[in-house]
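Worksheet for the structure shown next.
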Number of protein chains: 2
Amino acid sequence: MMPRKPEYDRDALIAQARDIFWRQGWAGTSLKDLERELKLKPGSFYAAFGSKDALYALALERYAQEGVMRLKALADRLGPLEALKAQPRLVIEASGAPAKACMLAKTYAELLARDHELAGQAGDLMSEMKACFADLFRQAQEAGDIAPEHDPNRLATRYQSDLLGLRLSAERSDVDAREIAADIAADIDRL
Amino acid sequence: MMPRKPEYDRDALIAQARDIFWRQGWAGTSLKDLERELKLKPGSFYAAFGSKDALYALALERYAQEGVMRLKALADRLGPLEALKAQPRLVIEASGAPAKACMLAKTYAELLARDHELAGQAGDLMSEMKACFADLFRQAQEAGDIAPEHDPNRLATRYQSDLLGLRLSAERSDVDAREIAADIAADIDRL
DNA sequence: TATATACTTGAGTGATCACTCAAGAAAGAC
DNA sequence: GTCTTTCTTGAGTGATCACTCAAGTATATA
């Protein structure tokens, strides 16, 4: 006596929610927005996800996971140094993305003052990302592409900070983000 | 037949509102928050400022104006190059500030997707700030402290982007922002 | 002291917030 | 077909949102 199955594709809904939250932020996205875009009535929404925050958490997790996967795939194709040099250009040229700025950074900035759990999660995910960068810097150093006196963790911290600034700047119409991206890549060549 | 005068100090209230908005953001600050902190009942609040957005606009204006003034005062004391090198450390070490991240950037990121007027204002003020940075780079170049092949406007764009990233990173507990600040300053010495 | 003027007060406005829940519809098991 | 189980539906919940306004109060002039 198996009952009916849901009509929606849960994974696709999470991806769609991620895009909405990414663009509009946490407070900027109402349940009505989500119900309209995901085509879910309130009852179905809460049966599927439990709460707005629970869906946001899933969306954040998905966002970070895909970011890490893209970076690792890039490093497999180009090698660590070239991946680090290409990443700045790629993140601001991603045409399908709902926003240039980093969703983790936007979430962190918006919710830190409220001591919201999602800010903590966003911070943890940024740390994971930083660790990925550090790995790549370490590999590039072991390959002899980066001088041995540099600390990979410090390089990763600075690099991530630069990327956050770049991606926020890329939202501005009076800034040529490609120039910034090129300058960040050039900095890596000088290490 | 002159009537009574208001009991509040309008300038002090704007500065106080700026700190609250800076820390909590636009959506994160309710009228109840403002009424409680500024000790104004709703009627007085609306008589004094007109709306929440109008007060936010005044707070943004004040924030940017004081930022420009502090930078120019710094340049008068240290000269353009040393001012640009000192600024990163100063912005993250300002102990009285309600937040490390830039209020203009937070406002821009939060309200851009809503096409809110305040996002436009924040963007304009960031452009003004960028022009100040460009002036200092130009002066440093004319003084011979920066090689002549560099474009001051491009340097200013990159510098502002770096500062935005630095100030957001400074909110994180797992990041040593002083290291980033030192690295940004070191980059200027290499120009 | 009497009056005109403006500030202060706080209950109250409709709108929107995230969220609930009971009733109806659909699909596999028998 | 009938039953059981789950999904879908949408009106409705109390809370909070930004904001209003009429009544009360304080002050400077006359």
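Chain identifiers are assigned alphabetically (A, B, ...) following the order of the sequence lines, protein sequences preceding nucleic acid strands; residue numbering begins at 1 within each chain.
Of the residues in residues 10-30 of chain A, those lying under 4.0 Å from DNA chain C by heavy-atom distance are A:T29, A:S30. Sorted by residue number, the list of members of residues 107-119 of chain A with any non-hydrogen atom under 4.0 Å from DNA chain C is empty. Within residues 36-59 of chain A, the residues that place at least one heavy atom under 4.0 Å from DNA chain C are, in residue-number order, A:P42, A:G43, A:Y46, A:S51, A:K52.
C:dT9 atom C1' lies 11 Å from atom CD of B:E35, rounded to whole Å. D:dC17 atom P lies 11 Å from atom CG of B:L34, rounded to whole Å. Computed from coordinates, the B:K32 NZ to D:dC17 P distance equals 7 Å when rounded to whole Å.
Residue pairs that meet the ring pair (Phe, Tyr, Trp, His ring centres under 6.0 Å) test with at least one member in residues 80-103 of chain A, sequence neighbours left out, do not exist here. Within the structure, side-chain hydrogen bond (donor to acceptor under 3.5 Å, both in side chains) contacts touching residues 49-61 of chain A (residues at least two apart or in different chains) are A:W26-A:D53, A:D53-A:H116, A:Y56-A:T107. Sorted by first and then second residue, the ring pair (Phe, Tyr, Trp, His ring centres under 6.0 Å) pairs with a member in residues 126-146 of chain A read A:F133-A:Y159, A:F137-A:Y159; sequence neighbours excluded.
Partners of B:R36 by salt bridge (Lys or Arg N to Asp or Glu O under 4.0 Å), not counting sequence neighbours, listed by chain and number: B:D33. Listed by chain and residue number, A:F45 satisfy the ring pair (Phe, Tyr, Trp, His ring centres under 6.0 Å) test with A:F49 (two or more places apart in sequence, or in another chain). Checked against side chain to side chain donor-acceptor pair (under 3.5 Å), B:R70 has no partners two or more places apart in sequence or in another chain. For B:Y108, there are no ring pair (Phe, Tyr, Trp, His ring centres under 6.0 Å) partners two or more places apart in sequence or in a different chain.
No salt bridge links B:R154 with A:D176; every basic N to acidic carboxylate O contact stays at or beyond 4.0 Å.
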Under 3.5 Å donor-acceptor pairs involving side-chain atoms of residues 96-106 of chain A, not counting sequence neighbours:
from: A:K100; atom 1: NZ; to: A:I92; atom 2: O; distance (Å): 2.7
from: A:K106; atom 1: NZ; to: A:W22; atom 2: O; distance (Å): 3.0
from: A:K106; atom 1: NZ; to: A:R23; atom 2: O; distance (Å): 3.1

Show me the side-chain donor-acceptor pairs of residues 73-88 of chain B shorter than 3.5 Å, one per line, residues at least two apart or across chains.
from: B:E82; atom 1: OE2; to: B:K85; atom 2: NZ; distance (Å): 3.4
from: B:K85; atom 1: NZ; to: B:D189; atom 2: OD1; distance (Å): 3.0
from: B:K85; atom 1: NZ; to: B:D189; atom 2: OD2; distance (Å): 2.9

